[in-house]
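Scroll down for the structure; my scribbles are underneath it.
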Amino acid sequence: MVSLLSLATVTESGVEFLSPHDGTPMLLTPEHSIELQHSIGSDIIMQLDDVIATTSPDATRMREAMYRSIRWLDRCIAAHPPEFSSKQNLFCIIQGGLDLDMRRECVREMVARDTPGIAIGGLSGGEEKESYCQVVKTCTDLLPEGKPRYVMGVGYPEDLVVSVALGADMFDCVWGTRTARFGNAITSRGVLNLRNAKYADDFTPVDSECDCLVCSPAGAPARGRLNTTLDEASYEQQEGGYTAKGMGVTKAYIHHLAAKETAGAHMLTMHNVAYLLGLMEKAGRAVVEDRYPAFLKECFMGWYQGEKERFPKWAVDALRGVGVDLLED
């Protein structure tokens, strides 16, 4: 909703939009937002919340948005009867900007509603990373065990792994796909801008440590699904199953395509999404195997080519706050 605020007015009834196509007035209420998500059939559905940028100096408006989000959650719950709630999990969204007391109050109210999952919203709006980490840690410290914690709008690799250490489980972000359109590959060695001329004659894989279809050698068998707990996709039930093979794409090929063909952006999108999914799968495995601090160090050493002096200070400080010293050998 933040991206459309210039076209919208928030009232107690809901969000009044002007259609970007013809200027026709539209109203999205909490009830209608739930109805739309019922029609989609998604496993996770989100309450409608009142969110403003974390950098807003208007504390009164921030508090109003927090309390309205709580009231709207009650309306969303009422619009989500058992025939849907048994199949679709409604997540509340914690608001409160960068005010930690406001966040604590919102957590108490949201947790009391006992939704299946809990989201931390209103972040990634231009706030400093230190403030972001404080908000995430403040919220997760108060959340119940056994329910998924979802931080909305977060997608940079460093943000993901640090947020997991701070107690978060789930994330979403457009950055992985958006940055692909600018020729950027997210890799175990950091973000590479493959439009750069130095990659014109680089015939190595986009990421030698990645086993996605783009990076795998040409003709290599497709890797299995990352999440084996999900039902098989329709294409896997067909004779022969999932038959896609490795493409053997090189940095030079992407460089050649990036400035001329949309196929380059398509391939980087496939790789970036696979890399981020793989990163989270590895993070989950490291948590289960009780080796997450070592996993963090491996990630940062790779992203910054072993140069510890380049590690972001905000990440080093945030991780020290949970007992992980990135700079320790």
Side-chain angles (χ1 to χ4, degrees), residues 1-5 33 37 40 42-49 51-55 89 91-98 103 117-137 139-140 148-194 206-207 210 212 214 226-227 265-284 287 295-296 299-300 302-303 312 314-315 318-319:
M1 200 167 75
V2 174
S3 61
L4 295 174
L5 283 180
S33 74
Q37 293 176 89
I40 295 170
S42 51
D43 298 320
I44 294 173
I45 65 176
M46 307 304 299
Q47 75 156 107
L48 183 66
D49 61 338
V51 54
I52 63 175
T54 53
T55 52
N89 298 286
F91 279 39
C92 63
I93 304 176
I94 298 166
Q95 293 294 346
L98 302 180
R103 287 281 180 172
I118 301 168
I120 302 171
L123 293 172
S124 296
E127 72 277 355
E128 294 181 349
K129 295 289 188 180
E130 292 82 0
S131 298
Y132 163 86
C133 292
Q134 288 176 354
V135 170
V136 172
K137 184 69 165 58
C139 292
T140 56
R149 294 102 169 267
Y150 162 33
V151 184
M152 305 180 74
V154 175
Y156 295 143
E158 295 92 334
D159 295 1
L160 295 175
V161 298
V162 170
S163 297
V164 169
L166 297 178
D169 303 309
M170 302 164 56
F171 312 89
D172 80 290
C173 192
V174 301
W175 176 71
T177 54
R178 183 175 59 202
T179 200
R181 298 196 291 272
F182 295 94
N184 294 317
I186 311 169
T187 79
S188 56
R189 302 289 290 173
V191 177
L192 309 180
N193 184 351
L194 298 185
V206 173
D207 186 351
C210 178
C212 75
V214 173
L226 284 174
N227 191 342
H266 297 167
M267 291 178 187
L268 282 181
T269 295
M270 292 168 60
H271 162 75
N272 286 351
V273 171
Y275 175 83
L276 292 171
L277 287 173
L279 177 67
M280 291 306 299
E281 189 270 338
K282 292 172 185 174
V287 170
F295 170 76
L296 284 167
C299 288
F300 277 87
W303 293 329
W314 68 266
L319 291 172

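Being a predicted model, the structure only gives us computed values, none of them experimental. The figures that follow rest on heavy atoms only: side chains count, while hydrogens, waters and symmetry mates do not.
No side-chain N or O of Thr187 forms a donor-acceptor pair with one of Asp207 less than 3.5 Å apart. If you check the side chains of Tyr132 and Ser163, you find a donor sitting under 3.5 Å from an acceptor.
The shortest heavy-atom contact between Ala168 and Thr140 is N-CG2, 4.1 Å. Of all heavy-atom pairs spanning Val51 and Gly122, the tightest one is CG2-CA, 3.7 Å. Between Cys299 and Val161, the shortest heavy-atom contact is SG-CG1, 4.5 Å. For the pair Ala318 and Val162, the tightest heavy-atom approach, listed with the atom from each and the gap, is CB-CG1, 4.1 Å. Of all heavy-atom pairs between Phe91 and Ala119, the closest is CD2-N, 4.4 Å.
Looking only at side-chain heavy atoms (C-beta outward), Val136 and Arg149 stay at 4.5 Å or farther from each other. Within the 4.5 Å cutoff, the side chain of Ile118 has heavy atoms near those of the Cys92 side chain. You'll find the side chain of Thr54 stays beyond 4.5 Å of the side chain of Ser131, heavy atoms only. In this structure the side chain of Pro157 never reaches within 4.5 angstrom of the side chain of Val191, judged on heavy atoms.
Counting only distance, with no hydrogens or angles, the side chain of Thr179 and the backbone of Gly176 share no donor-acceptor pair below 3.5 Å. With Asn272 contributing its side chain and Asn184 its backbone, the two residues share a donor-acceptor pair below 3.5 Å. Ser124 contributes a side-chain N or O that, together with a main-chain N or O of Gly153, makes up a donor-acceptor pair within less than 3.5 Å.
Evaluation of the ring pair (Phe, Tyr, Trp, His ring centres under 6.0 Å) rule for Phe300 yields Trp303, Phe311 as partners, not counting sequence neighbours. Listed by chain and residue number, Ile40, Ile45, Gln88 satisfy the side-chain contact (heavy atoms from CB on, under 4.5 Å) test with Ser42 (two or more places apart in sequence, or in another chain). Every residue meeting the ring pair (Phe, Tyr, Trp, His ring centres under 6.0 Å) condition with Phe295, not counting sequence neighbours, appears here in chain and number order: Tyr292. Evaluation of the ring pair (Phe, Tyr, Trp, His ring centres under 6.0 Å) rule for Tyr156 yields Trp175 as partners, not counting sequence neighbours.
How far NZ of Lys137 is from CZ of Arg103: 15.5 Å, rounded to the nearest 0.5 Å. Atoms CD1 and CD1, on Ile120 and Ile93 in that order, are 11.5 Å from each other to the nearest 0.5 Å. Going from atom NE2 of His271 over to atom CG of Leu276 covers 8.5 Å, rounded to the nearest 0.5 Å. The line from CG of Leu194 to CZ of Phe182 is 14.5 Å long, rounded to the nearest 0.5 Å. Residue Phe171 holds its CZ atom at 5.5 Å from CG of Leu160, rounded to the nearest 0.5 Å. Note that OG1 of Thr55 is 8.0 Å distant from CG of Leu98, once rounded to the nearest 0.5 Å.
Residue pairs that meet the salt bridge (Lys or Arg N to Asp or Glu O under 4.0 Å) test with at least one member in residues 168-187, sequence neighbours left out, do not exist here. Counting only residues at least two apart or on different chains, the salt bridge (Lys or Arg N to Asp or Glu O under 4.0 Å) pairs with a member in residues 120-136 are Lys129-Asp159.
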